[in-house]
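Take a look at the structure below.
Each ligand, and each atom within it, is numbered from 1 in the order the structure gives.
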Amino acid sequence: MKPTRTTEVPCTEEKRRLISSFFGEETFTPAVMKEKLPRDIFENFMEIINQGKKLDLATANSIAHAMKEWALEKGATHYSHWFQPMTSLTAEKHDAFIEPLENGEVIERFSGKQLAQGEPDASSFPSGGIRSTFEARGYTVWDPTSPAFIMRRGKGITLCIPSVFLSYTGEALDNKTPLLRSISAIDKSALRMLKLLGNRKAKRVVATLGPEQEYFLINREYYNKRQDLVLTGRTLIGSPPSKGQQLEDHYFGTIKERILTFMHEVEEELFALGIPAKTRHNEVAPSQFELAPIFEEANIAVDHNQLLMQTLKKIAARNGLVALLHEKPFAGINGSGKHVNWSLSDDTGNNLLNPGNTPHDNIQFLMFLVATIRAVYLYGDLLRVSVASSANDHRLGANEAPPAIISVFIGEQLTKILESIESGAITDASNAAIIELGISQLPLISKDNTDRNRTSPFAFTGNKFEFRAVGSRQSISLPTTVLNTIVAESLDYLADKLEKKDGTNIKQNVIDIIQEEMKAIKPILFNGDNYSKKWETEAGKRGLPNKKNLPASMPDLVSQKNINLFQKYNVLSEVEVRSRYHIRIERYCKKLDIEAMTLYKLVKGHVIPASVLYQKELAQSIQNVQAALGGDCDLEAQKGLLKKISQWITSLIKSIEKVNEMREQALTIEDEQKQAEYFCNEIKPEMEKSREICDKLEELVCDELWSLPKFWEMLFLS
Ligand code: ADP
Ligand code: MG
């Protein structure tokens with residue numbers, strides 16, 4: 001018998017609603033708008049989001065009214081423009097819906113003007129020199145391409161309106177504006193290419209994103225006792241537990257009841273917000289987990305990833321847990337990343353990186369594939385800089401995550417095809433030749449064949465690329481902006497070539513162009529083990545950059561080549577690029593300074609006192625035993641231990657004082673690039689030295705004197 005679908009599914013403790021029955025109910029989707037708006041206004045709105053038509057006041061007023069009515073029904077009292085300043089976080093400033101009446105009462109009102117534009121008086125957001133404080137006004141502008149939603153936090157219920165954030169003079173002060181510009185750029189360039197390849201159906205091309213979010217969960221009571229976790233997001237000291245991830249028993253293991261309840265509550269909120277949270281599982285490290293949504297259009301996926309991170313934090317707090325999103329919260333076990341799956345899709349839902357069923361479809365596929373490879377070859381430095389952060393520096397190149405060297409994995413079969421085209425083994429594009437090349441067989445490339453290499457920073461996985469070097473905590477806005485822009489540039493370059501070719505045989509022209517291009521770009525292809533030392537040497541010979549940390553990588557953001565690229569595609573002006581460089585370098589220095597200060601206080605306030613107490617106890621004990629037993633005892637080993645402890649305490653005091661002096665020194669360095677390099681190359685190693693001693697002391701000092709929760713306690717949740 002066919003099972004009947006009901007909206008209520010019986011469950012042991014309570015009646016559960018089907019996900020489909022409440023998916024998106026907290027979101028002002030186009031479907032809701034269609035229902036609530038007059039038809040002409042709705043149609044106008046769809047033209048605004050799909051064709052970039054300008055918003056007129058009448059439409060704005062009508063939408064604002066419908067949005068307010070909807071939000072009030074949901075219990076909202078306030079509205080807020082919700083935006084993404086250059087901090088990698090989101091920002092909001094709430095206003096009540098009220099407007100005063102003459103009689104002293106108020107009514108709920110929300111105008112089109114309030115919907116379209118806000119002025120948060122945002123003088124304290126980083127602008128990287130774009131604004132000086134006397135002209136500090138920045139303003140937010142509604143981004144209608146991402147739906148408004150209800151944000152519930154405690155008793156607060158707020159209508160959030162996704163927005164961009166601009167300076168008074170029109171420069172982008174956020175991460176969203178450049179992303180939207182890059183989305184237009186790739187749309188234009190990809191459509192141009194599709195037309196040249198004879199595809200007349202597509203009207204619009206969008207980038208699609210599926211970010212796989214990794215995170216740790218630990219008990220809140222432990223977290224609250226760790227100054228380093230609270231202030232820096234990661235443990236600055238701590239000896240790895242005897243059992244880490246060596247047994248590989250956590251990955252895909254049974255999810256504990258408490259965690260599953262947490263995940264369930266997270267997903268309930270995400271579903272209500274229209275976020276298609278699809279996959280959940282235990283990750284490799286103990287207490288590490290992953291949540292992967294189904295892919296969406298880039299702009300929405302970026303917003304949804306921010307909401308997902310916030311929801312993880314909020315629900316964790318409700319359950320006595322803390323969600324750690326930092327890229328490397330614990331040394332000695334894996335850190336967390338965010339694999340960003342990226343592809344291009346036309347408006348009818350065809351994935352342009354999906355090999356098709358006909359040789360012609362596959363020629364189109366090969367063109368987009370080669371365009372992406374070329375883009376990474378020419379602008380790998382930009383991709384690298386887009387994922388650089390003080391936190392991700394601990395991960396990239398640590399043999400758990402992709403290295404800092406950007407290369408592309410496409411698997412053996414595609415490599416073979418591109419190599420045979422390049423070598424001229426097959427020059428004509430007759431159907432027979434195409435069959436021989438294997439191009440007609442492309443749909444048979446199963447994911448299993450292409451996704452075997454987990455060490456590659458940028459891997460083709462059957463019908464999309466997976467950018468694996470992205471950090472768990474960062475906004476995926478910049479990496480996506482870079483990807484869209486660099487691929488747009490490559491598509492245009494290849495389109496220019498295609499336009500110049502004689503002859504009407506498109507297939508032949510594409511094969512010829514691939515042959516011409518492959519020679520230059522093939523050094524970026526690497527199918528081997530990215531963690532091996534051999535690859536580092538080999539990549540060096542191939543001339544691929546290996547920028548190991550943020551200060552080494554940041555100058556690439558402002559190279560002339562890259563400024564030209566951003567300008568050409570109207571993604572960022574020179575001023576906007578430079579402001580981002582300043583902000584990121586400055587934030588890097590501040591973060592390392594906070595880490596150094598926190599370490600100093602932790603060592604002085606905790607490690608040294610605990611160790612000294614233990615030293616005292618041991619010394620007294622040795623004395624007492626000696627007095628009691630006289631010559632009739634062997635205390636050499638105990639004395640050795642005491643000596644070790646006393647030496648380590650001394651070395652630790654010296655090292656931590658040096659860290660403190662060095663950070664004071666760092667703050668006197670005026671050149672920001674040099675200051676960042678000093679933090680990275682001088683202070684960080686000294687902090688590591690202090691840490692090593694702390695971790696040795698932790699192993700010796702009596703557990704009762706060591707008040708900081710240890711890794712084993714934090715990582716094995718019960
Ligand atoms: P795998 O686990 O083999 O890498 P999945 O198909 O399970 O592949 O997808 C992993 C992630 O990639 C998911 O978040 C998914 O939504 C995303 N993804 C799948 N197809 C696309 C696409 N065309 N564009 C962007 N992301 C995609
Ligand atoms: Mg993955």
**OP:** Examine ligand 1 and decide if any of its atoms is less than 4.0 Å from a heavy atom belonging to Ile294.
**Re:** yes
**OP:** Report yes or no: does Lys278 have a heavy atom closer than 4.0 Å to ligand 1?
**Re:** no
Subject >> Residues forming a ring-ring contact (aromatic ring centres under 6.0 Å, His included) with Phe252, sequence neighbours excluded >> reply: His281
**OP:** For His250, enumerate each residue passing the ring-ring contact (aromatic ring centres under 6.0 Å, His included) test, keeping only those at least two apart in sequence or located in another chain.
**Re:** Phe289
When you compare ligand 1 with [X], is there at least one nitrogen or oxygen pair between them that comes in under 3.5 angstrom?
X	answer
Ala292	no
Asn341	yes
Thr461	no

Original post:
Got a salt bridge between Lys203 and Asp346, using NZ or NE/NH1/NH2 to carboxylate O under 4.0 Å?
Top reply: no
Original post:
Can we say Glu269 and Arg318 salt-bridge, meaning some charged N sits less than 4.0 Å from an Asp/Glu carboxylate O?
Top reply: yes
Original post:
Quick check: does any side chain N or O of Ser182 sit under 3.5 Å from a backbone N or O of Val571, one acting as donor and the other as acceptor?
Top reply: no
Original post:
Is there a donor-acceptor contact under 3.5 Å linking the side chains of Ser407 and Asn530?
Top reply: yes
With heavy atoms of [X] as the reference, note each atom of ligand 1 found under 4.0 Å away.
X	value
Gly210	14 (O), 25 (C), 26 (N)
Glu212	10 (C), 11 (C)
Glu466	4 (O)
Ser343	22 (C), 23 (N), 24 (N)

**OP:** Would you indicate which of Lys464, His339, Glu296 comes nearest to atom 1 (P) of ligand 1 when only heavy atoms are counted?
**Re:** Lys464
Original post:
To the nearest 0.5 Å, how far apart are CD in Glu283 and CG in Leu291?
Top reply: 11.5 Å
Original post:
For ligand 1, is any non-hydrogen atom under 4.0 Å from Pro293's backbone (N, CA, C, O), its side chain (CB onward), both, or neither?
Top reply: backbone
**OP:** Please work out whether any backbone atom (N, CA, C, O) or any side-chain heavy atom from C-beta onward of Thr208 is under 4.0 Å from ligand 1, and answer side chain, backbone, both or neither.
**Re:** both
Original post:
Does the ring center of Trp342 lie less than 6.0 Å from the ring center of Phe295?
Top reply: no
